[in-house]
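Only one structure is covered here, and it is reproduced in the block below.
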Amino acid sequence: VYVTGYFTGYCAFLSQTTTTLSNLFLTANNNYDIFLVKYFANGIIDWVRQGGGGGYDYGYDVTVDDSANAYIVGWYQGGATFADPNNAANSITLNNTSGTWYNGYVVKYNKAGVPKWALNCPSGSMYGYAYAIGGDGYGHLFITGYYYSQATFGSITFTAPSRTYGSFITKLNTNGVFAWAKIIQS
């Protein structure tokens with residue numbers, strides 16, 4: 001069982017049978033940070049991970065594939081680092097392509113909680129928000145959200161008319177390669 005979300009200040013993940021609490025207490029870098037927690041089926045915590053930077057950073061949805069890899073989506077402001085507390089060399093940092101506004105993201109963690117890759121989703125937007133993610137059982141991921149003005153998914157770019165908001169759905173594989181993206185413009 002995986003849960004993602006966001007917190008400010010301090011966040012404690014408690015389990016009655018957990019004996020080691022060193023990785024179960026998080027402190028936000030500033031404003032809001034992202035968390036991902038993995039529970040065993042009996043409710044015992046396996047691991048907790050933190051992501052974010054100095055801005056307002058949100059974890060909004062999570063899905064899991066057949067190999068127990070977890071994929072989270074949300075948005076961040078400024079820059080965001082998705083850390084592995086057991087090995088800093090595994091940490092991944094995303095840079096915001098929209099200046100001080102928000103970029104959507106998707107991050108893949110393996111079943112041990114190690115971040116494998118992270119992408120802006122979308123990038124290039126004044127505001128980009130990734131709200132939901134799901135898989136199809138064939139190694140494809142689908143992400144929905146919305147953007148303002150412009151949105152880029154890998155090599156695919158859309159520009160909204162007259163600087164308006166638009167919704168999107170995009171498909172990518174479990175290696176983080178965008179296959180296609182579609183927009184819904186009002």
Considering all heavy atoms, the nearest [X]-[Y] contact:
X: N95; Y: Y76; result: O-OH, 3.0 Å
X: K111; Y: N69; result: N-OD1, 4.0 Å
X: A130; Y: I143; result: CB-CG2, 3.9 Å
X: G52; Y: D57; result: CA-OD2, 3.3 Å
X: I92; Y: A118; result: CG2-CB, 3.7 Å

Problem - Student check: side-chain heavy atoms of Y6 and D33 closer than 4.5 Å - result: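 When only atoms from C-beta onward are counted, D33 and Y6 do not touch, as no gap falls below 4.5 Å.
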
Problem - Contact check, side chains of K108 and P115, non-hydrogen atoms, under 4.5 Å - result: no

Where the side chain of [X] meets the backbone of [Y], is there a donor-acceptor pair that is under 3.5 Å apart?
X: S123; Y: N120; result: no
X: D65; Y: S67; result: yes
X: Q77; Y: Y102; result: no
X: D61; Y: I133; result: yes
X: T8; Y: N31; result: yes
X: W117; Y: T174; result: yes
X: N30; Y: G53; result: no
X: N103; Y: P122; result: yes
X: K38; Y: I45; result: no
X: Y109; Y: L36; result: no

Can you measure from [atom1] ([X]) to [atom2] ([Y]) and round to the nearest 0.5 angstrom?
X: I72; Y: Y2; atom1: CD1; atom2: OH; result: 12.0 Å
X: L141; Y: N175; atom1: CG; atom2: CG; result: 10.0 Å
X: T144; Y: K182; atom1: OG1; atom2: NZ; result: 15.5 Å
X: F35; Y: C11; atom1: CZ; atom2: SG; result: 5.5 Å
X: K171; Y: H140; atom1: NZ; atom2: NE2; result: 4.0 Å
X: T170; Y: F158; atom1: OG1; atom2: CZ; result: 8.0 Å

Using the rule that two of Ile, Leu, Val, Met, Phe, Trp, Tyr join whenever any of their side-chain heavy atoms come within less than 4.5 Å, decide whether [X] and [Y] are in one cluster.
X: V114; Y: Y39; answer: no
X: I156; Y: L119; answer: yes
X: F178; Y: F142; answer: no
X: V64; Y: V107; answer: yes

Problem - For T93, side-chain hydrogen bond (donor to acceptor under 3.5 Å, both in side chains) partners two or more places apart - result: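 side-chain hydrogen bond (donor to acceptor under 3.5 Å, both in side chains) list for T93, sorted by chain: T81.
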
Exercise for the section: Apply side-chain hydrogen bond (donor to acceptor under 3.5 Å, both in side chains) to T159 and list each qualifying residue two or more places apart in sequence or on a separate chain. Expected result: none

Exercise for the section: Could you tell me how the ring of Y32 sits relative to the ring of Y56: parallel (under 30°), tilted (30 to 60°) or perpendicular (over 60°)? Expected result: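 Geometry flag for Y56 against Y32: tilted rings.
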
Practice task
Determine, stepwise, if the pair F25 / Y10 fulfils side chain to side chain contact (heavy atoms under 4.5 Å, CB included).
Solution key: CA-CA 7 Å; F25 290 96; Y10 300 97; over 6 Å; no

Exercise for the section: Please say which of F82, Y71, Y129, Y131 ends up in a ring pair (Phe, Tyr, Trp, His ring centres under 6.0 Å) with Y105. Expected result: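 Of F82, Y71, Y129, Y131, ring pair (Phe, Tyr, Trp, His ring centres under 6.0 Å) with Y105 is met by F82 alone.
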
Exercise for the section: Run the ring-centre check on F153 versus F168 and record whether the distance is less than 6.0 Å. Expected result: yes

Exercise for the section: Please confirm whether Y127 and Y147 have ring centers closer than 6.0 angstrom. Expected result: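 No, the ring centres sit 6.0 Å or more apart.
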
